[in-house]
Amino acid sequence: MESESKELPELTNVDKWPKVVMRLAPFPSGPLHIGNARMAVLNDYYVKRYDGELILVFDDTIGSAEKQVETEAFDMIPEGLDYLGVKWHRTVYKSDRLNIFYKYAVDLLKKGEAYVCDCDAGLWRNEHKIKGKPCSCSILSVDENLSRWEMMLDGTYPERGAAVRLRTGMDNPDPAMRDHVILRISETEHPRVGTRYRVWPLLEYSWGIDDHELGISHIIRGKDLVKEGKIEQHIWCIYDWQQPELLYYGRLKFQDATLSKSKSRKEVLDGTYSGWDDPRTWSMQSLAKRGIDSQAIRKIMLDLGLSTVDISISMKALYSENRKLRDADAPRLFFVESPTWLKLSGVPAETTYAEAPVHPDFPDRGVRKIPLDVRDDTILVGIQTKDYDRFEEGLLFRLKDFANFKLLKGKSPVGQFHSHDVDDVRATKGPIIQWVPKKGSVGTEITMIDGSITTGFAEPSVSKLKPGTFFQFERWGFGCIVESGSPMKVAFAHK
RNA sequence: GCUCCGGUAGUGUAGUCCGGCCAGCAUGGGGGACUCUCGAUCCCCCGACCCGGGUUCAAAUCCCGGCCGGAGCACCA
């Protein structure tokens, strides 16, 4: 068992099952995003804890106009799970199981537990569901229902022309529980099975059958699915199946990010986002690209526990965890955003490079050399305009790990060499800032979290680092190299 | 409107079933030490039991009544 995070409560009735079997049921409309990670991590946690089995079930029923199956998701979701360290034992596609759902549909019709309703959906809602009055379809004979069922399958009924309703009771006090539709007609083409089927199950029905068929013992999911759970229980009761344990957690929102798969899908398709790994999608792919350690995500998700309250957390918590995990391994670098070029004069002629530690906490990792091209006692270096602007004329400041200079703002920005000793600048409480030499620095493009690009220059030693390297730009923030070269491309991680 | 769920510092969470150690932890904010970063590390501080009754020697915890918040009520998932 991984020693991650706090101890979550025990699962109930574990001993009543041969083993703990749980499932991940993402709808394949896009990659997993950070909100989906909670579902994946919680299920994975418990399966590992009880040495059980985890099944990845693509919930790829036909969906709707707003929720469409995205073919790429069949690959991107497993990729995201791998990143998260989620281990699953087998993969199942709902779209391969239509015959099972049909078999039970016929059986339910024969038992009188369901009926085929050809009422208009809107009319039924207003005249029957809200008022709690059954419609005339509900008193049909079994034979009539079966023949209507055939008409659904063979195309006699058009889309929305008829649907199968589960007889949960029109007198149920909960309006959500009144004779819900469990199968309906859709002629939308499915990316995996094409137009082979025109009758598709709804989530609650397919799971009512499949949770049993797949031997699921425990289900953990969002509380937006409690109604679906009740409908499942109704089905389990009809067949007298052992009831899986149901566990719900509340909605998770992020204060500093809006998560919407459908919006992301639109922006990715029309090119507003750079792809499914654009930081604005908050996909697992995008977080990996930024150098977020998946253990940080796991820790955050597990710390939330199984509370049913809706919560709103800040990404700062995630970043804090990531820093804890990765700071020690992140080499330090200088990066100057929109530089002001300073002409430094009086630089000792023998100066050829500056040395800065790779990591201040680990001197044994050595130093990075920053070459200095001194000509006629002068050299050109860049400092952040942001720094330059707030500095006053005559200020003694230090170029970190190099030397101290006195600032002379004039027609052109100039720095006059003062000394090498850090203590000189400490004595005057002067600022110590990062810098880059004009010669040899690498043009850098940083993709920020909002998708915008920040440009600047990174010190020459970055060219030795490989893509995928997680680093810290001193006084600036953490990031990950996406592409080396010029310009070098970097994904911003966090402060 | 109906059904269900829930309210602990700014945020998140532990404790609630089986009342009792100054309500713990993390994050955040503030301050200090250290470091040649605004990072890390170390120390200190700030800050909460929704409200009102009741039971009790003792209530975040049990009971009653309010108030507030959320989810569901699709031929979506």
Side-chain angles (χ1 to χ4, degrees), chain A residues 5-7 25-29 59-69 94 117-122 124-125 129-130 132 152 157 159-165 172-178 180-186 199-204 206-207 221-230 248 250-252 254-255 261-262 299-300 302-305 307-314 316-321 323-324 326-328 330 332-334 356-357 359-362 398-404 421-423 425-426 431-434 472-478 494-495:
Chain A
S5 179
K6 69 182 181 194
E7 194 76 347
F27 181 68
S29 59
D59 214 344
D60 61 335
T61 48
I62 202 65
S64 63
E66 307 83 59
K67 293 191 179 175
Q68 294 179 29
V69 176
K94 276 277 181 65
C117 175
D118 64 1
C119 299
D120 173 77
W124 194 88
R125 196 181 311 127
K129 188 191 71 184
I130 292 175
M152 285 179 72
Y157 279 121
E159 270 192 0
R160 302 182 67 86
V164 180
R165 290 187 184 278
N172 196 305
D174 182 354
M177 287 298 293
R178 290 173 194 159
H180 212 272
V181 168
I182 56 173
L183 293 126
R184 77 341 174 145
I185 300 166
S186 173
V199 175
W200 287 88
L202 265 63
L203 175 147
E204 46 273 58
S206 66
W207 278 117
R221 59 185 171 195
K223 72 171 181 184
D224 48 317
L225 261 24
V226 303
K227 175 204 75 183
E228 285 67 18
K230 285 183 187 172
Y248 299 99
R251 279 270 174 103
L252 172 61
F254 288 90
Q255 293 151 6
K261 259 193 203 171
S262 45
K299 171 96 166 50
I300 293 293
L302 258 16
D303 277 349
L304 299 180
S307 154
T308 61
V309 201
D310 287 7
I311 50 179
S312 172
I313 66 169
S314 168
K316 284 181 183 172
L318 175 69
Y319 300 153
S320 168
E321 290 303 329
R323 249 181 252 121
K324 279 182 200 162
R326 306 210 64 177
D327 178 82
R332 267 47 180 172
L333 296 166
F334 287 157
H359 195 300
D361 299 342
F362 306 95
R398 179 172 181 79
L399 299 182
K400 190 168 181 289
D401 302 308
F402 175 32
N404 311 321
D421 197 343
V422 205
D423 293 334
V425 78
R426 278 186 179 146
I432 299 172
I433 59 170
Q434 83 277 28
Q472 187 204 41
F473 281 154
E474 294 193 47
R475 302 209 317 138
W476 214 84
F478 293 86
H494 48 74
K495 277 283 184 191

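The chains referred to below are lettered A, B, ... by the order of the sequence lines, with proteins before strands, and numbering in each begins at 1.
- Counting only heavy atoms from C-beta on, R332(A) has its side chain closest to U37(B) among U27(B), C73(B), U37(B).
- Here R160(A) does not pair with D118(A) in a salt bridge; the nearest charged N to carboxylate O distance is not below 4.0 Å.
- Across U8(B) and A14(B), the matching P atoms stand 11 Å from one another, rounded to whole Å.
- Of the N and O atoms on the side chains of R178(A) and N172(A), not one donor lies less than 3.5 Å from an acceptor on the other residue.
- Residue E321(A) places no side-chain atom within donor-acceptor reach of the base of A26(B), judged by atom type and a 3.5 Å distance cut-off alone.
- Salt-bridge formation is detected for the pair K223(A)/D310(A): a Lys NZ or Arg NE/NH1/NH2 atom is positioned less than 4.0 Å from an Asp or Glu carboxylate oxygen.
- For RNA chain B, runs of at least 3 consecutive pairs of the Watson-Crick or G-U wobble type, with both hydrogen-bonding distances under 3.5 angstrom, map to B:1-7 with B:67-73, B:10-13 with B:24-27, B:28-33 with B:41-46, B:50-54 with B:62-66.
- Salt bridge absent: D174(A) and K227(A) never bring a charged side-chain N and a carboxylate O closer than 4.0 Å.
- A donor-acceptor contact under 3.5 Å links the side chain of Q472(A) to the base of U37(B).
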Restricting to nitrogen or oxygen on both sides, can you table the protein-nucleotides 2-5 of chain B pairs closer than 3.5 Å?
{"unit_1": "C2(B)", "atom_1": "O2'", "unit_2": "P173(A)", "atom_2": "O", "d": "2.5"}
{"unit_1": "U3(B)", "atom_1": "O2'", "unit_2": "D174(A)", "atom_2": "OD2", "d": "3.2"}
{"unit_1": "C5(B)", "atom_1": "O2'", "unit_2": "T308(A)", "atom_2": "OG1", "d": "3.2"}

Atom pairs under 3.5 Å, N or O on each side, protein against nucleotides 41-46 of chain B: can you list them with distances?
none

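- For C36(B), the base has no donor-acceptor partner in the side chain of K400(A) [N/O atoms by modelled type, under 3.5 angstrom].
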Pull out every protein N or O sitting under 3.5 Å from an N or O of nucleotides 48-50 of chain B, one pair per line with the distance.
none

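- For the pair D60(A) and K94(A), the salt-bridge criterion is not met [side-chain N within less than 4.0 Å of a carboxylate O].
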Kindly give the atom pairs (protein nitrogen or oxygen, nucleotide nitrogen or oxygen) under 3.5 Å for nucleotides 29-31 of chain B.
none

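- The salt bridge (charged side-chain N to carboxylate O under 4.0 Å, His left out) search around K324(A) returns E321(A), not counting sequence neighbours.
- Rounded to whole Å, atom C1' of C34(B) lies 14 Å from atom CG of D423(A).
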